[in-house]
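A quick write-up on the structure given underneath.
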Amino acid sequence: MRDDEALTLDPEATRPAASSPPSGRAAETAGPEPSGTAAPQAAVAPWVRRLVVVALVLAAVNLRPAITSLGALLKEVRDGLGMSGTTAGLLTSVPAACFALFGFAAPRLARRHGPGAVVLAGMVAITAGLLLRPLAGTTPVFLAASALALAGIAVSNVLMPVIVKRYFPDRVGTVTGVYSMALSLGTAVAAAVTVPLTDAMGGSWRLGLGVWAILAAVAVIPWLPLARDRSATPVHRVRRPQPAAGEQGGDQAADRQDSGEHGSIVRSRTAWMLACFFGLQGTAAYVTMGWMPQIFRDAGISADKAGVLLAVTMVMGVPLSFVLPPLAARMRSQGPIVVVLGAFQIAGFAGLWAAPAAAPWIWALLLGVANCAFPLVLTMIGMRSRTGGGVVRLSAFAQSTGYLISIPGPILVGTLNQVSGGWGVPVALMLALVVPQVVCGVLAGRNRHIEDEL
């Protein structure tokens, strides 16, 4: 996308203005818009908004079972496919790699086909991947089927904040809370019931993983009508008007707002801090989801109980994900929340490092609270840009770059476990990573907008 083109959610941007906006000194005195200000939006029927909420909830429920169901059965999958510790670590990093690769493509796909259509395709890809994964006879085929499902999760991940901004520009925090709560619920349920379901179906890990395709297929249904919906502001390109000869550039306030859609996003310090915070919290989350059950099992805890403990960690996000985004949206700076979540993360990993079997429920609860950094960073993405187009770009950059940052963590944890023969060194690494995570989160949580930095 060239610098003279804007990615916008405002259809009025393509029409001639009825009157010229204030410029010069008048624009300076107006000052920047508040963070909650939204661009004008076409009227959306109430039933469409209700359908969007249902679609968001069902999509969110399906964005993690492909990962947490595998974490609960990782030992069985490793034995069945003959995976080494390093290969299993690679498997736990595949989500981050797919999220980064396909997340970068999400804005371009959304501009061409609309975000609703892209999320629909994502739900179809999740369903297909979960259906094909149990049929894999070798590790490469298993990885390919997993990548298909994860590609669908990736584009949906990036576009969820866009859908929220598109249909609910006045309720970003509340709707993000509902969506995050549903995501945590799906994550927790998959972690809790995968092992019992597998046992009930004869102990086959293939059936235990494949059953989640049914839930994904249900999520496809509400996105079918939304794929063609244009009642809210669509994502498209418009060419930035060029100033006439002798003019100095017009409205400074408008330039400040448009800069989030025109300038290079890599020039924004806030965007980089959000990306680093996203990546480091993602590293902790994927290590927790992928390796925590194995840590508990190696400490002598049964597979069923280890799965329930992972579910406890994930279910903590259900109430907190509903409360945290609206709270964060009302705060000028989200740094204090970042620090509190970091303290819980340190306590949880310290427990896993010192004595995982001594108080497993406490460690699971502590890490469950810490995992709420994910809905927090989603809320921050929606708050760090004044425009819908800016949110599209910021979401894609922060999530895709963040997932790239998170790729090495789970692989390194698996390798360190195999080399050291225990979990002390890998968990010590996770403890050390909390420090830069908190620093980046505090900087990303400052009351800034990317429009002021481009």
Side-chain angles (χ1 to χ4, degrees), residues 32-38 157-158 160-162 164-165 169 171-177 179-181 183-184 256 259-260 265-285 316-317 320-347 367-387 390-403 405-406 433-454:
E33 296 180 9
S35 60
T37 302
N157 267 334
V158 171
M160 286 297 105
V162 178
V164 172
K165 190 85 169 182
R171 298 181 180 179
V172 170
T174 300
V175 178
T176 299
Y179 152 73
S180 301
M181 183 175 65
L183 189 149
S184 299
R256 241 187 348 256
S259 64
I265 194 75
V266 299
R267 295 206 301 263
S268 169
R269 294 184 299 273
T270 297
W272 276 108
M273 289 301 100
L274 273 170
C276 292
F277 180 49
F278 193 100
L280 291 168
Q281 68 82 30
T283 298
M316 287 300 297
L320 291 177
S321 294
F322 186 73
V323 173
L324 200 58
L327 174 63
R330 289 195 296 268
M331 299 175 66
R332 287 183 58 83
S333 171
Q334 291 74 47
I337 300 178
V338 172
V339 173
V340 171
L341 295 180
F344 276 88
Q345 191 169 325
I346 289 173
L367 290 174
V369 175
N371 274 353
C372 288
F374 179 74
L376 174 63
V377 73
L378 286 183
T379 306
M380 290 161 66
I381 288 172
M383 297 176 66
R384 296 287 89 90
S385 175
R386 294 190 181 94
T387 66
V391 172
V392 174
R393 299 183 66 202
L394 182 57
S395 179
F397 176 78
Q399 292 200 49
S400 296
T401 305
Y403 283 125
I405 293 171
S406 69
L433 290 178
V434 178
V435 176
Q437 176 183 322
V438 170
V439 172
C440 293
V442 170
L443 293 176
R446 294 177 299 173
N447 187 25
R448 301 284 192 277
H449 297 96
I450 60 170
E451 288 83 357
D452 301 325
E453 299 176 346
L454 302 183

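Please read all numbers here as calculations on a predicted model, not as lab measurements.
- Taking Val323 as the reference, nothing meets the side-chain contact (heavy atoms from CB on, under 4.5 Å) condition, with sequence neighbours excluded.
- For the ring pair (Phe, Tyr, Trp, His ring centres under 6.0 Å) test, residues two or more places apart in sequence or in another chain that qualify with Phe397 are Trp272.
- Annotation: side chain to side chain donor-acceptor pair (under 3.5 Å) contacts of Ser395 (sequence neighbours excluded): Gln399.
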Report the C-alpha distance between Asp452 and Arg386 in whole Å, list the side-chain angles of each, state the deciding distance to 0.1 Å, and finish with yes or no for side-chain contact (heavy atoms from CB on, under 4.5 Å).
CA-CA 10 Å; Asp452 301 325; Arg386 294 190 181 94; 3.1 Å; yes
Can you give me every donor-acceptor pair (side chain of residues 368-376, partner residue at least two apart or in another chain, under 3.5 Å) with its distance?
none

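- For Thr379, there are no side chain to side chain donor-acceptor pair (under 3.5 Å) partners at least two apart in sequence or on another chain.
- Of all the heavy atoms in Ile450 and Ser268, the pair that sits closest is CG2-OG, 3.5 Å.
- Proximity of a side-chain donor or acceptor of Arg384 to a complementary backbone N or O of Ala444 within less than 3.5 Å is detected.
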Kindly list each side-chain donor-acceptor pair under 3.5 angstrom involving residues 273-283, sequence neighbours excluded, with atom names and distances?
from   : atom 1 : to     : atom 2 : distance (Å)
Gln281 : NE2    : Phe278 : O      : 3.0
Thr283 : OG1    : Gly279 : O      : 2.9

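- Residues meeting the side-chain contact (heavy atoms from CB on, under 4.5 Å) test with Pro336, sequence neighbours left out: Met331, Ser333.
- Partners of Thr401 by side chain to side chain donor-acceptor pair (under 3.5 Å), not counting sequence neighbours: none found.
- The line from CD of Glu453 to CD1 of Ile265 is 9.0 Å long, rounded to the nearest 0.5 Å.
- Interatomic distance, CE of Met383 versus OG1 of Thr270, reported as 12.0 Å (0.5 Å rounding).
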Could you walk me through whether Leu341 and Leu324 pass the side-chain contact (heavy atoms from CB on, under 4.5 Å) check?
CA-CA 11 Å; Leu341 295 180; Leu324 200 58; 4.2 Å; yes
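- For Arg446, the side-chain contact (heavy atoms from CB on, under 4.5 Å) partners at least two apart in sequence or on another chain are Leu443, Arg448.
- Considering only residues two or more places apart in sequence or on other chains, Arg332 meets the side-chain contact (heavy atoms from CB on, under 4.5 Å) condition with Asn447.
- Contact detail for Val339 and Val438: the closest heavy-atom pair is CG2-CG1, 4.1 Å.
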